[in-house]
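This report concerns only the one structure given below.
Ligands are counted one by one from 1 in listed order, and the atoms in each one are counted from 1 as well.
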Amino acid sequence: MASKPIILLVSLLAIAIAASTAEAQLGLIGGLLGLIRIQGTLFCTLNGNIGINGTSTPVFPNALVQLRCGGTVVSAATTNGSGSFSIVLDPAQVLLSSILSSCNLVVNTPLSTCNATLPTVGSLLSPLQLIGNTLVGLLNVANLIPAGFQLLSNLT
Ligand SMILES: *[C@@H]1O[C@H](CO)[C@@H](O)[C@H](O)[C@H]1NC(C)=O
Ligand SMILES: *[C@@H]1O[C@H](CO)[C@@H](O)[C@H](O)[C@H]1NC(C)=O
Ligand SMILES: *[C@@H]1O[C@H](CO)[C@@H](O)[C@H](O)[C@H]1NC(C)=O
């Protein structure tokens, strides 16, 4: 016959498993073995986004992409020759929920650097979007991408 403490333990376990499953389904896991990865490609266009010609759109290499949260630069990466950048964060450093609610990618490298006919002033800014989680060994990686850049004239 099962005693009360065992029943209590079993129901607590069931609640814990149900809670972590719900969390996983929401893609909000940022536990001890979690990582947050922000990846994207910057294009050499007036708004930094891919153009109507798709993959033939020229890219923006050697641009400094900052992750800013409430005005503070939390991390940064430089785009490579293909315009790609990648920023990896420890969820203990910044919470996924706060990245989604209060952080932006900011590019202050002038667009004229990749194409002289583009503006010499202004910053590209994009909020972030969660596209899903991938399991890499024991690591749960939350994958984020820029939700869409826009050119702002007077960001400091
Ligand atoms: C798209 O590609 C066509 C054909 O190569 C070219 O004429 C046009 O200028 C391109 N448009 C843009 C916005 O790059
Ligand atoms: C840039 O980074 C992307 C993603 O890691 C990679 O696929 C690509 O080959 C890199 N390009 C260059 C020129 O290094
Ligand atoms: C530079 O930008 C202009 C204006 O967007 C565009 O018409 C031109 O094709 C671009 N040049 C290159 C080399 O990408």
### Query
Under the 3.5 angstrom rule, does the side chain of Thr45 hit a backbone N or O of Gly48 as a donor-acceptor pair?
yes
### Task
Report yes if some heavy atom in the side chain of Leu89 is under 4.5 Å from a heavy atom in the side chain of Leu67; otherwise report no.
yes
### Query
Would you say the side chains of Asn104 and Arg68 form a donor-acceptor pair under 3.5 Å?
no
### Query
At a 4.0 Å threshold, what atoms of ligand 3 neighbour a non-hydrogen atom of Pro58?
14 (O)
### Query
In this structure, are over 12 heavy atoms from other groups packed under 6.0 Å from Leu135 atom CG?
yes
#### Entry: Enumerated ligand 2 atoms positioned under 4.0 Å from heavy atoms of Ser82
1 (C), 8 (C), 10 (C), 11 (N), 12 (C), 13 (C)
### Message
Need the ligand 3 atom indices (1-based, order shown) with element for anything under 4.0 Å from a heavy-atom of Asn115.
### Response
1 (C), 2 (O), 3 (C), 8 (C), 10 (C), 11 (N), 12 (C), 14 (O)
### Message
Does the protein place a non-hydrogen atom closer than 4.0 angstrom to atom 5 (O) of ligand 2?
### Response
no
### Criterion side-chain hydrogen bond (donor to acceptor under 3.5 Å, both in side chains) on Thr109 and Asn62, from CA distance to verdict
CA-CA 8 Å; Thr109 309; Asn62 302 314; over 6 Å; no
#### Entry: Contact atoms of ligand 3, heavy-atom distance to Thr117 under 4.0 Å
1 (C), 2 (O), 3 (C), 4 (C)
### Message
With a 4.5 Å cut-off on side-chain heavy atoms, are Gln150 and Asn47 touching?
### Response
no
### Query
Which atoms of ligand 2 are found less than 4.0 Å from any heavy atom of Asn80?
1 (C), 2 (O), 3 (C), 8 (C), 10 (C), 11 (N), 12 (C), 14 (O)
### Task
Flag atom 11 (N) of ligand 2 as yes if some protein heavy-atom distance to it falls below 4.0 Å, otherwise no.
yes
